[in-house]
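Presented below is the structure to which this report refers.
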Amino acid sequence: MNAPLVDRFGRVADDLRVSLTDRCNFRCTYCMPAEGLAWLPRSELLTYEEIERLVGVFLDLGVRTVRLTGGEPLLRRGVEPLVSLLAARGVPDLSMTTNGLLLAEKAEALAAAGLRRINVSVDSLLRHRFAEMTRRDALERVLDGLRAAERAGLAPIKLNCVVVRGTNEDEVVDFARFARATGYQVRFIEFMPLDAEEGWSRDRVVPSEEVLAAIDRVHPLVPVDHGPEPARVFRFADGAPGGVGVIASVSEPFCGDCNRIRITADGQFRTCLFALEETDLRRLLRAGADDDQIAAAVRDAVARKWAGHRINEADFVRPARSMSMIGG
Ligand code: SAM
Ligand code: SF4
């Protein structure tokens, strides 16, 4: 194995997000416009062989966690064989983030292919509000998908809930109750300025402290050691199953401990969600670069990784691509 990917601040990058597509079957208001976002041409997407090869290079550079994402990863045709290829590569921790719409029909095949665990995005437990936030009336199908994931043994199941002021913050205690009833971990994510419609504003961010306080008043919480992940994680003090996590990217940035790196669906390497610079790995692959040359380009980019996002600074500049095109 090559030396691990260390940046100039001593952070080790060992958690890789791989976006499989920029397309989606939802149109979450905090992520995509209702219409009008141009899709990447198919020829620009990395093929499964290219993804497998890149993941091999990253494993050799010390990556331990690979999370498939998008856009909606389950929209990419033949995703199960890709999971098999990556599982056969020996990825120590292989997971996926999905909106769950196609999970009911795919959970079993994904687990059989070697997927270990899954994060499913659910922003409301109310049908009409779910439909408003995702612009699709699909809550029931997503809940079916969750049950299918459970039956298939994809565990632990984590829910991702983006909390947006004036939209769904009144549901955080209901989500905690749902976690207790199902054993899932519900992770509340602060709204970040990565929405394509640029509707983000600071007053629409619900600070994670506020979410935790609201839940703790009803169901007291106890912090749990969460290792290197950015979520702060809690269990219920009364021993009920499930748990709560918060990802306070805006109010309490965790950039100092960031171990994440990303490959977009079109093969651009990014060292931060908010990075303004990308490294074109697809061009290298298609120009016949060998694994050492690709590893060198990745190492260079990681070395240049910045200290952290500047959302809270006056000079903050949004990246040119929004969340669904980067891969969250
Ligand atoms: N389509 C899949 C899904 O929704 O789970 C995977 C891709 S999605 C971009 C990954 C995660 O990013 C989801 O949990 C989504 O809620 C979150 N996300 C999208 N836009 C966001 C934003 N502006 N701020 C915070 N989280 C966001
Ligand atoms: Fe699609 Fe996920 Fe973005 Fe929602 S958050 S529009 S499901 S990519």
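All ligand and atom numbering here is 1-based and tracks the order in the structure.
The pair R232-E209 meets the salt-bridge criterion, with a side-chain N (NZ, NE, NH1 or NH2) lying under 4.0 Å from an Asp/Glu carboxylate O. With respect to the salt-bridge test (charged N to carboxylate O, under 4.0 angstrom), the residues R147 and D144 qualify.
Side chain of R117 to main chain of G153: no donor-acceptor pair is present (N/O by atom type, distance under 3.5 Å, no hydrogens or angles). A donor-acceptor contact shorter than 3.5 Å links the side chain of R129 to the backbone of T167.
Residues E197 and T29 bring no donor and acceptor atom of their side chains to less than 3.5 Å of each other. Under the 3.5 Å distance criterion, with hydrogens and angles disregarded, a donor-acceptor pair is assigned to the side chains of N312 and R202.
Around atom 3 (Fe) of ligand 2, the protein atoms of type N, O or S that sit closer than 2.8 Å are C31 SG.
Applying the salt bridge (Lys or Arg N to Asp or Glu O under 4.0 Å) test to pairs two or more places apart or on separate chains, those with a residue in residues 61-82 are E80-K106. The stretch residues 87-107 participates, sequence neighbours left out, in no ring-ring contact (aromatic ring centres under 6.0 Å, His included) pair at all.
Between F274 and F316, the two ring planes are perpendicular [angle over 60°; tilted spans 30° to 60°].
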Between ligand 1 and the protein, which N/O pairs are shorter than 3.5 Å?
{"from": "ligand 1", "atom 1": "1 (N)", "to": "G71", "atom 2": "O", "distance (Å)": "3.0"}
{"from": "ligand 1", "atom 1": "1 (N)", "to": "E72", "atom 2": "OE1", "distance (Å)": "3.2"}
{"from": "ligand 1", "atom 1": "4 (O)", "to": "S121", "atom 2": "OG", "distance (Å)": "3.3"}
{"from": "ligand 1", "atom 1": "5 (O)", "to": "T98", "atom 2": "O", "distance (Å)": "3.2"}
{"from": "ligand 1", "atom 1": "5 (O)", "to": "S121", "atom 2": "OG", "distance (Å)": "2.6"}
{"from": "ligand 1", "atom 1": "14 (O)", "to": "S121", "atom 2": "OG", "distance (Å)": "2.8"}
{"from": "ligand 1", "atom 1": "14 (O)", "to": "N160", "atom 2": "ND2", "distance (Å)": "3.1"}
{"from": "ligand 1", "atom 1": "16 (O)", "to": "Y30", "atom 2": "OH", "distance (Å)": "3.2"}
{"from": "ligand 1", "atom 1": "23 (N)", "to": "Y30", "atom 2": "O", "distance (Å)": "2.8"}
{"from": "ligand 1", "atom 1": "23 (N)", "to": "M192", "atom 2": "O", "distance (Å)": "3.0"}
{"from": "ligand 1", "atom 1": "24 (N)", "to": "M192", "atom 2": "N", "distance (Å)": "2.9"}

